[in-house]
Chemist: 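I have a structure here, written as structure tokens, and I will follow up with some questions on it.
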Amino acid sequence: MASSSVKVAVRVRPFNSREINRGAKCVIQMQDKSTCIINPKQPKEAPKNFTFDYSYWSHSSVKDPSFASQGKVYQDIGEEMLLHAFEGYNVCIFAYGQTGAGKSYTMMGKQDPGQQGIIPQMCEDLFRQTADNTDPDLSFSVEVSYMEIYCERVRDLLNPKSRGSLRVREHPIMGPYVEDLSKMAVTNYSDIADLMDTGNKARTVAATNMNETSSRSHAVFTILFAQHRHDNMTSLDTEKVSKISLVDLAGSERADSSGAKGMRLKEGANINKSLTTLGKVISALADMQGSKKRRSDFIPYRDSVLTWLLRENLGGNSRTAMIAALSPADINYEETLGTLRYADRAKQIKCNAVINEDPNARLVRELKEEVNRLKELLLSQGLSNRIAASGNVHISNSCLRSSQVDRETEKIIAELNETWEEKLRKTESIRQEREALLAEMGVSVKEDGGTVGVFSPKRTPHLVNLNEDPLMSECLIYYIKDGVTRVGQEDVDIRLSGQFIKELHCVFCSEVNENNEGESDHRAQCHTGAAGGDGGLELRTGRTAGETRH
């Protein structure tokens, strides 16, 4: 067992347009590992100093020698965590900070060269290293899942059949897990990139329907990385399985600074509840390292779905890193100071990580023992005789709970015993269902082998979604066919959902001129309020200078 502290890094971004327009001043200074913040209301007051494992200065341009690029952040944090994954440890990286501080940029980044975040860089590096393997007795398998936690509800972003909220359960052996969360088998980086894009599209669709943006939900991307080794001397097959959890937390801000009202205020309260609980867990774990607390003291993991699912990553069996994203502006002083204090507490947490050698074989054995024990418990209470005697049986609460655990256990055993070929077939089946669902909505799935969201057709008239979050803009493309394209909620070519969408919202008439250039003529009925709320649609007619907004 390896005891290690949580690695903590802070990163400050450049000014955004809002801060520039308000003439904001920088209150953050960094040197080596230290970060200090100056109170703009008390400039004569001594700056508050903090020391972390890494302090990344990304406030200036790449010409600055001290500038920390996306590659630098991954080199320091991502590469170390990936090395631990190859060693067989569970690893976790989570990003924390107020909305707009740069969390999503650090974790996901952009698709431009040199702009990729930790998650795509780690996935690409993972498959590059597995491809370099020359040991014939060593093989690898990778599965991924992608979920979001919004207002204490969990949603699967990769399975189109998963419409409602998934249940979070706790098994006596497996610990907390999300019931029926899909795990997709992948064989290369391209597969993972497609799934990440798919998950982001699913979040975008939900944002349009529910009037939310990505900053309002926690996103958890999980990679199950298995290493299979065959020992020729003993003819034994062993494996190491690492769980890599990459978490982009919702933005943390006060209601008065964000101007939240109504539903947004209620939404913010739920987000602040999970982040507040995370703060309480971090504080309790940090206090444990001192002499004041005992290990038996209560840790409020179950007060929030987020902390319940991240229990092992916070003080448990995991190598964990936290990246705190900072705004440099004086107008965000209070939020930035709160983030620094949050990060300062987190660095005191110690995790006890163990190498996960051959967990499947051990789990199958323990789960089978659990099933047999529960069956004996049911038999000892005469349940089987009573079932045989009558179909209408009164079952005690303890027996009912045991029966439920029994069913859960057998479901988990079935998942663990699935072959790699079965997992690949299931992944392909879900992919086809997902593409069929998007096609039914009128969303383009592929063009010339490309994935939606990474290209913009040059000659075909189309609609793209707009969102205040740049990561969720232009994720969805709706093609306008030749002739008439109907847009709305019922019996239409392009199906949209949302508070302001009519049953027949509008009609596009597309004509082709003599030069065979697509020309979209919006000349039929059109009700106002295309998507409402934070999002919208942009019409692109296929001509470089002919873009108009709807």
Side-chain angles (χ1 to χ4, degrees), residues 2 70-71 73-93 107-109 111 113-114 116-146 158 182-199 220-232 236-247 313 317-321 353-363 415-428 430-431 449 451:
Q70 293 280 73
V73 176
Y74 174 72
Q75 183 181 353
D76 289 342
I77 298 175
E79 286 186 358
E80 179 185 348
M81 291 297 157
L82 185 59
L83 175 62
H84 290 319
F86 272 92
E87 291 171 345
Y89 293 105
N90 293 333
V91 300
C92 174
I93 303 175
M107 296 301 289
M108 294 297 294
Q111 294 174 349
Q116 288 186 316
I118 287 176
I119 294 177
Q121 287 189 78
M122 178 175 282
C123 295
E124 194 170 6
D125 201 5
L126 171 66
F127 280 104
R128 183 166 51 245
Q129 293 190 41
T130 56
D132 293 339
N133 172 53
T134 57
D135 188 346
D137 296 325
L138 181 62
S139 61
F140 305 93
S141 63
V142 180
E143 296 175 82
V144 301
S145 62
Y146 197 6
L158 299 182
S182 59
K183 298 184 183 69
M184 303 295 177
V186 293
T187 56
N188 52 55
Y189 172 68
S190 177
D191 289 345
I192 286 193
D194 286 345
L195 289 173
M196 281 192 288
D197 188 64
T198 294
V220 183
F221 190 82
T222 304
I223 304 170
L224 287 175
F225 175 51
Q227 303 174 70
H228 312 275
R229 181 176 292 279
H230 178 73
D231 190 333
N232 290 316
L236 290 176
D237 293 320
T238 61
E239 66 177 11
K240 291 190 290 189
V241 179
S242 302
K243 182 179 179 182
I244 305 171
S245 301
L246 304 167
V247 186
N313 303 123
N317 176 23
S318 175
R319 301 272 193 172
T320 302
V354 296
I355 294 176
N356 302 308
E357 290 185 285
D358 206 19
N360 274 13
R362 186 178 69 250
L363 275 176
E415 290 179 2
L416 291 172
N417 284 332
E418 276 185 337
T419 65
W420 182 245
E421 290 72 19
E422 289 172 337
K423 291 177 180 179
L424 287 173
R425 282 197 295 270
K426 184 186 292 186
T427 299
E428 177 63 19
I430 293 177
R431 183 190 66 79
T451 304

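Small disclaimer: the values here were computed from a predicted structure and weren't measured.
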Chemist: Taking all non-hydrogen atoms of both residues, which atom of Tyr74 and which atom of Leu82 are closest, and how far apart?
Modeler: OH-CD2, 3.7 Å
Chemist: Looking at every heavy atom in both Ile430 and Ser182, which two are closest together, and how far apart are they?
Modeler: CD1-CB, 4.3 Å
Chemist: Residues two or more places apart in sequence or in another chain: which of them pass side chain to side chain donor-acceptor pair (under 3.5 Å) with Gln121?
Modeler: none
Chemist: Are Cys123 and Ile223 packed together at the side-chain level, in the sense that at least one heavy-atom pair is separated by less than 4.5 angstrom?
Modeler: yes
Chemist: I'd like to know whether Asp135 forms a side chain to side chain contact (heavy atoms under 4.5 Å, CB included) with Arg229, so could you lay out the CA-CA distance, the side-chain angles of the two residues, the decisive distance to 0.1 Å, and finally the verdict.
Modeler: CA-CA 9 Å; Asp135 188 346; Arg229 181 176 292 279; 2.8 Å; yes
Chemist: Is Glu143 paired with Lys423 through a side-chain N to carboxylate O contact shorter than 4.0 Å?
Modeler: yes
Chemist: Please lay out, stage by stage, how Met196 and Met108 fare under the test side chain to side chain contact (heavy atoms under 4.5 Å, CB included).
Modeler: CA-CA 9 Å; Met196 281 192 288; Met108 294 297 294; 3.9 Å; yes
Chemist: Taking all atoms of both residues into account, what is the closest heavy-atom pair of Ser318 and Thr320, and its distance?
Modeler: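 Heavy-atom minimum between the residues: OG-OG1, 3.2 Å.
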Chemist: Quick check: do Asp137 and His228 have side-chain heavy atoms less than 4.5 Å from each other?
Modeler: no
Chemist: Heavy-atom distance under 4.5 Å between the side chains of Leu224 and Val142, does that happen here?
Modeler: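 Heavy-atom side-chain distance check fails, nothing below 4.5 Å.
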Chemist: List the residues meeting ring-ring contact (aromatic ring centres under 6.0 Å, His included) with Phe140, not counting sequence neighbours, and say none if there are none.
Modeler: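 Scan of Phe140 (ring-ring contact (aromatic ring centres under 6.0 Å, His included), adjacent residues dropped) gives Phe225.
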Chemist: Under the 3.5 angstrom rule, does the side chain of Thr427 hit a backbone N or O of Met184 as a donor-acceptor pair?
Modeler: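 Between the backbone of Met184 and the side chain of Thr427 there is no qualifying donor-acceptor contact (under 3.5 Å).
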Chemist: Taking C-beta and beyond as the side chain, do Met81 and Arg319 meet within less than 4.5 Å on heavy atoms?
Modeler: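 Side-chain contact under 4.5 Å: yes.
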Chemist: Any heavy-atom pair between the side chains of Gln75 and Glu80 that's under 4.5 Å?
Modeler: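 Counting from C-beta outward, Glu80 and Gln75 never come under 4.5 Å.
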Chemist: Considering residues at least two apart in sequence or located in another chain, which fulfil the side chain to side chain donor-acceptor pair (under 3.5 Å) criterion with Asp132?
Modeler: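 In terms of side chain to side chain donor-acceptor pair (under 3.5 Å), with neighbours along the sequence ignored, Asp132 is linked to no residue.
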Chemist: State whether the side chain of Asp197 and the backbone N or O of Ala193 hold a donor-acceptor pair below 3.5 Å, judged by distance alone.
Modeler: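 No.
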Chemist: Are the side chain of Asn90 and the backbone of Ile244 linked by a donor-acceptor contact shorter than 3.5 Å?
Modeler: no
Chemist: What heavy-atom pair brings Met107 and Pro120 nearest, and what distance separates the two atoms?
Modeler: O-CD, 3.6 Å
Chemist: Who are the ring-ring contact (aromatic ring centres under 6.0 Å, His included) partners of Phe221, not counting sequence neighbours?
Modeler: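 Counting only residues at least two positions away or on another chain, Phe221 forms a ring-ring contact (aromatic ring centres under 6.0 Å, His included) with Tyr146.
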Chemist: Would you check if the side chain of Thr222 reaches a backbone N or O of Val144 as a donor-acceptor pair within less than 3.5 Å?
Modeler: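 Checking the backbone N and O of Val144 against the side chain of Thr222, no donor-acceptor pair under 3.5 Å is found.
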Chemist: Listed by chain and number, what are the salt bridge (charged side-chain N to carboxylate O under 4.0 Å, His left out) partners of Glu87, not counting sequence neighbours?
Modeler: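 In terms of salt bridge (charged side-chain N to carboxylate O under 4.0 Å, His left out), with neighbours along the sequence ignored, Glu87 is linked to no residue.
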Chemist: Check whether the side chains of Tyr89 and Asn317 place a donor and an acceptor atom closer than 3.5 Å, and report yes or no.
Modeler: no
Chemist: So Leu246 and Val220, do their side chains get closer than 4.5 Å, heavy atoms only?
Modeler: no
Chemist: Side-chain contact, heavy-atom cut-off 4.5 Å: Tyr189 with Leu126?
Modeler: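 Counting from C-beta outward, Tyr189 and Leu126 never come under 4.5 Å.
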Chemist: With a 4.5 Å limit on heavy-atom distance, are the side chains of Phe127 and Thr187 in contact?
Modeler: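 Answer no - side chains too far apart.
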Chemist: With sequence neighbours excluded, tell me which residues meet side chain to side chain donor-acceptor pair (under 3.5 Å) with Ser145.
Modeler: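 Scan of Ser145 (side chain to side chain donor-acceptor pair (under 3.5 Å), adjacent residues dropped) gives none.
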Chemist: I'd like to know if the side chain of Gln227 and the backbone of Phe86 have a donor-acceptor N/O pair within less than 3.5 Å.
Modeler: yes
